[in-house]
> 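Just passing along the structure, written as structure tokens.
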Amino acid sequence: MLNIAIFASGGGSNAEAIINHLKNHEYLSVRLIVSNRKNAGVLNRAKKHGIETLVIDREEFYKNKDFTIKLATAQIELIVLAGFLWLIPPFLVEAFPKKIINIHPALLPKYGGKGMYGYHVHQAVFDNKEKESGPTVHYVNEVYDEGNIILQARCQLLPTDQPEDIAAKVLRLEHQIYPVAVEIVGRFIREGKKNY
Ligand code: GAR
């Protein structure tokens, strides 16, 4: 099995979409859910599916050794960020080359970078009267939202759409494309290909 760790800070609807999609998968398995918030909704979803959880604090996360050992012990080969709001430290990017992916709720390279997460993104899209939006799945490097793009999906926005309507439209697309992207990247890692 190729073991996946999902890192999430919030409700975890993307995490659950991925878990459901990969249930009984031939060679991909969601092995671990990591969260930086002990009350994050994603932890309840993980328990419901019988998946091991790990709550980390900032010091542990940014201190190389212990956390990397935990990931190694769980034999993690792919890290999937699903609403995880801490910047990934360089040692982790180096330890998992092209093996960390993220979903962002806008059409990168627009509306990315520090401070651009969740509702802030949809508010900015609304303020700029954009006619379309949609999620982006991308590789993770040391800079927020700047790794190579793997997959995007688009939806039309209506002039009457409020930020919460935009968020709902984009989230629906996230649930469709992220599980597929995880499967594609998982297959590439399994087959030993360097890139997607
Ligand atoms: C998702 O919309 C995801 O794109 C966003 O957080 C939400 C998590 O929802 N991520 C970012 O904004 C990262 N910059 P979920 O917890 O229900 O999956």
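We count ligands from 1, going down the list as the structure has it; atoms in each ligand are counted the same way. Positions are given from 1, in the same order as the sequence printed here.
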> Excluding sequence neighbours, so at least two apart, what forms side-chain contact (heavy atoms from CB on, under 4.5 Å) with Pro89?
Phe61, Tyr62, Phe91, Leu92
> Number the atoms of ligand 1 from 1 as they appear, then name those within less than 4.0 Å of a heavy atom of Met116, with their elements.
14 (N)
> Can you pull out the closest protein heavy atom to atom 15 (P) of ligand 1? Residue, atom name and distance to 0.1 Å, please.
Ser13 N, 3.4 Å
> Output yes when the distance from some N or O of ligand 1 to some N or O of Gly10 is under 3.5 Å, and no in every other case.
no
> Is there any N or O on Leu171 that sits under 3.5 Å from an N or O of ligand 1?
no
> Measure the distance from atom 12 (O) of ligand 1 to every protein heavy atom, then report the residue, atom name and distance (to 0.1 Å) of the closest one.
Gly118 N, 2.9 Å
> Are Lys99 and Ile76 side-chain neighbours, meaning at least one heavy-atom pair lies under 4.5 Å?
no
> State the atoms of ligand 1, each with its element, that fall below the 4.0 Å cut-off from a heavy-atom position in Gly83.
6 (O), 8 (C), 10 (N)
> Under 4.0 angstrom from ligand 1, any heavy atom of Gly11?
yes
> Verify, without hydrogens or angle tests, whether Gln152 (side chain) and Leu108 (backbone) share a donor-acceptor contact under 3.5 angstrom.
yes
> What residues form a side-chain contact (heavy atoms from CB on, under 4.5 Å) with Leu171, not counting sequence neighbours?
Ser13, Asn14, Glu174, His175
> Looking at Lys129, I want to see if its NZ is surrounded by more than 12 non-hydrogen atoms of other residues, nucleotides or ligands under 6.0 Å.
no
> Report the nearest protein non-hydrogen atom to atom 2 (O) of ligand 1: residue, atom name, distance rounded to 0.1 Å.
Glu174 OE2, 2.9 Å
> Checking a contact table here: which protein heavy atom is nearest atom 11 (C) of ligand 1, and how many Å away?
Pro105 CD, 3.6 Å
> Cluster question for you: counting only ILVMFWY and a side-chain heavy-atom cut-off of under 4.5 Å, with indirect links fine, are Leu87 and Ile56 together?
yes
> Specify the protein heavy atom at minimum distance from atom 13 (C) of ligand 1: its residue, its atom name, and the distance to 0.1 Å.
Ile103 O, 4.0 Å
> Is it true that, when you exclude Tyr117 itself, more than 12 heavy atoms of the residues, nucleotides or ligands shown sit nearer than 6.0 Å to its OH?
no
> Looking at Lys169 and Gln156, would you say the former's side chain and the latter's main chain have a donor-acceptor pair under 3.5 Å?
yes
> Identify the protein heavy atom lying closest to atom 9 (O) of ligand 1, giving its residue, its atom name and the separation to 0.1 Å.
Asn14 ND2, 4.0 Å
> Is it the case that ligand 1 has an N or O less than 3.5 angstrom from some N or O of His104?
yes
> For atom 16 (O) of ligand 1, what's the nearest protein heavy-atom neighbour? Residue, atom name and distance, please.
Gly12 N, 2.7 Å
> So do Leu71 and Leu32 actually touch side chain to side chain, heavy atoms under 4.5 Å?
yes
